[in-house]
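Chain letters run A, B, ... following the sequence lines, proteins first, then strands; residues in each count from 1. On a predicted model such as this, the values are computed, not experimentally measured, just so you know.
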Amino acid sequence: MRLELRIAPLDLDKTLGCGQTFRWRRQQDGSWAGPLSDQFVVLCQEDDVVHVDAFPGRADLDDLVAEHLRECDDIPRIQKELGRDPRMARGIAELEGLRIVKIDEWECLVSFALATYANIPRISRMIETLARNYGERITEDIYTFPTRKRLRKATVRELARCGLGYRADYAHELCREVDEGTLERLKKLNYQQLREELRELPGVGNKVADCVSLFGFGRLESFPIDVWIQRALARLYRVKGSYKRLREFAAERFGHYAGYAQEYLYYNERLRARNGACLFLEQ
DNA sequence: GCCCAGGAGTGTG
DNA sequence: CACACTCATGGG
């Protein structure tokens with residue numbers, strides 16, 4: 001099944017390759033392939049057009065992809081707002097195609113609970129192993145993310161054997177503390193309430209709660225702080241300290257689009273680690 | 001071999 | 001609330 005979408009501005013390489021998602025893979029020809037909901041999807045960008053190829057195909061495929069890439073976001077407005085920050089102003093134009101992604105709430109919750117104290121290649125591996133063992137087969141080697149119901153049948157030992165380490169307990173307990181109604185109820189809460197309730201869940205602390213708020217529940221004011229963001233804030237803004245202190249700094253500085261600021265800073269910091277390049281103004 | 005990883009949980013000051 | 005320590009393991 002094929003179709004085309006118009007989403008602009010968009011840079012698929014930045015959006016799907018920056019580390020906010022764990023299952024997309026860049027192909028030799030430059031396209032991106034991966035599971036999205038119950039579909040195996042291949043995305044290929046040609047200027048403002050995204051060619052979508054999906055198997056087995058479904059009627060609302062366009063909505064599925066548009067939602068994932070957050071077509072709804074008004075990037076010019078977001079950039080205009082964040083551009084008021086003098087440190088960020090210089091570099092953000094180059095990042096206009098980097099869009100926050102919308103991930104399924106359950107998948108996002110488990111994925112980022114597994115993402116604690118592990119690097120991205122390993123996180124991807126953990127998730128692929130889980131999908132292969134407990135997901136549904138879509139193609140030869142592509143599997144859906146496991147449902148709560150299915151993953152619930154796995155023992156802690158089995159989960160640990162998927163390479164999760166001590167995170168096996170998180171996954172195992174999440175399957176028991178979250179039911180269908182939980183996520184639906186959380187959707188209705190404001191960011192602060194959502195954040196607090198997420199933090200009650202096993203394996204969900206400050207950072208994971210903010211990642212799930214941002215990528216799973218689409219709360220753009222959320223500002224997840226990991227080691228990369230800590231470094232970025234320290235270097236660019238000379239601000240250090242507790243999570244609470246940094247979060248309050250970000251809320252004050254970046255406002256209700258703090259999530260995009262976070263993604264820009266994260267992208268820039270990792271780029272800098274690889275190339276020494278820096279898009280933003282350093283003090 | 002070594003250091004680090006999109007941290008959380010727990011106990012202490 | 002802030003800090004220190006532990007947790008299990010693969011990737012670069």
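Residue contacts shown for A:R125 are limited to sugar-phosphate atoms, with no base heavy atom under 4.0 Å away. Residue-level contact check: A:G19 touches the bases, meaning some heavy atom is under 4.0 Å from a base atom. When heavy atoms are screened at a 4.0 angstrom cut-off, A:E263 is found touching base atoms of the nucleic acid. Within 4.0 Å of A:F215, counting heavy atoms only, lies at least one base atom of the nucleic acid. Residue contacts shown for A:A115 are limited to sugar-phosphate atoms, with no base heavy atom under 4.0 Å away. Among the heavy atoms of the strands lying under 4.0 Å from A:P121 are primed sugar atoms or P, OP1, OP2 only; no base atom is included.
Between the CG atom of A:L198 and the P atom of B:dG7 there is a distance of 17 Å, rounded to whole Å. Atom pair A:D169:CG and B:dG7:P shows a separation of 19 Å (rounding to whole Å applied). A:Y117 places its OH atom 8 Å from the P atom of B:dA5, with the value rounded to the nearest Å. A:L201 has its CG atom 12 Å from the P atom of B:dA8, to the nearest Å. B:dG7 atom C1' lies 12 Å from atom CZ of A:R199, rounded to whole Å. To the nearest angstrom, C1' of B:dA8 lies 13 Å from CG of A:L114. We find that CD1 of A:I225 is positioned 13 Å from C1' of B:dG7, with the value rounded to whole Å. Look at CZ on A:R231: it is 9 Å from C1' on B:dC4, rounded to the nearest Å.
For the pair A:R122 and A:G205, nearest-nucleotide mapping onto DNA chain B gives the more 5' position to A:R122. Both A:R270 and A:V204 lie close to DNA chain B; mapped to their nearest nucleotides by heavy-atom distance, the more 5′-ward contact belongs to A:R270.
Inter-residue side-chain proximity for A:D73 and A:Y260 is flagged as met; some heavy-atom pair is nearer than 4.5 Å.
The same atom, P, is picked in C:dG12 and in B:dG7; the two are 16 Å apart, to the nearest Å.
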Quick one: do A:D226 and A:Y117 satisfy side-chain hydrogen bond (donor to acceptor under 3.5 Å, both in side chains)? Show the steps, please. CA-CA 10 Å; A:D226 66 354; A:Y117 208 46; over 6 Å; no
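A:S31 places no side-chain N or O within 3.5 Å of a backbone atom of A:Q27 that could act as its donor or acceptor partner.
Contacts between chain A and DNA chain C, taken as any atom within less than 4.0 angstrom of a protein heavy atom, begin and end at C:dA2 to C:dG12.
Note: the hydrophobic cluster containing A:V156 does not contain A:L164 (ILVMFWY, side chain heavy atoms under 4.5 Å, direct or indirect links).
Taking every heavy atom of both residues into account, A:C278 and A:R235 meet most closely at SG-NH2, 3.5 Å.
Each of A:L114, A:I123, A:L159, A:V110 was scored for a side chain to side chain contact (heavy atoms under 4.5 Å, CB included) with A:R167, with one residue passing: A:L114.
Not a single donor-acceptor pair, N or O on each side, falls under 3.5 Å between the base of B:dG9 and the side chain of A:Y170.
OP1 and OP2 of B:dG9 both lie 4.0 Å or more from every side-chain N or O belonging to A:R167.
Checking A:S37 against A:R58 by side-chain atom types alone, a donor-acceptor pair falls below 3.5 Å. A donor-acceptor contact closer than 3.5 angstrom is absent between the side chains of A:E94 and A:Y267.
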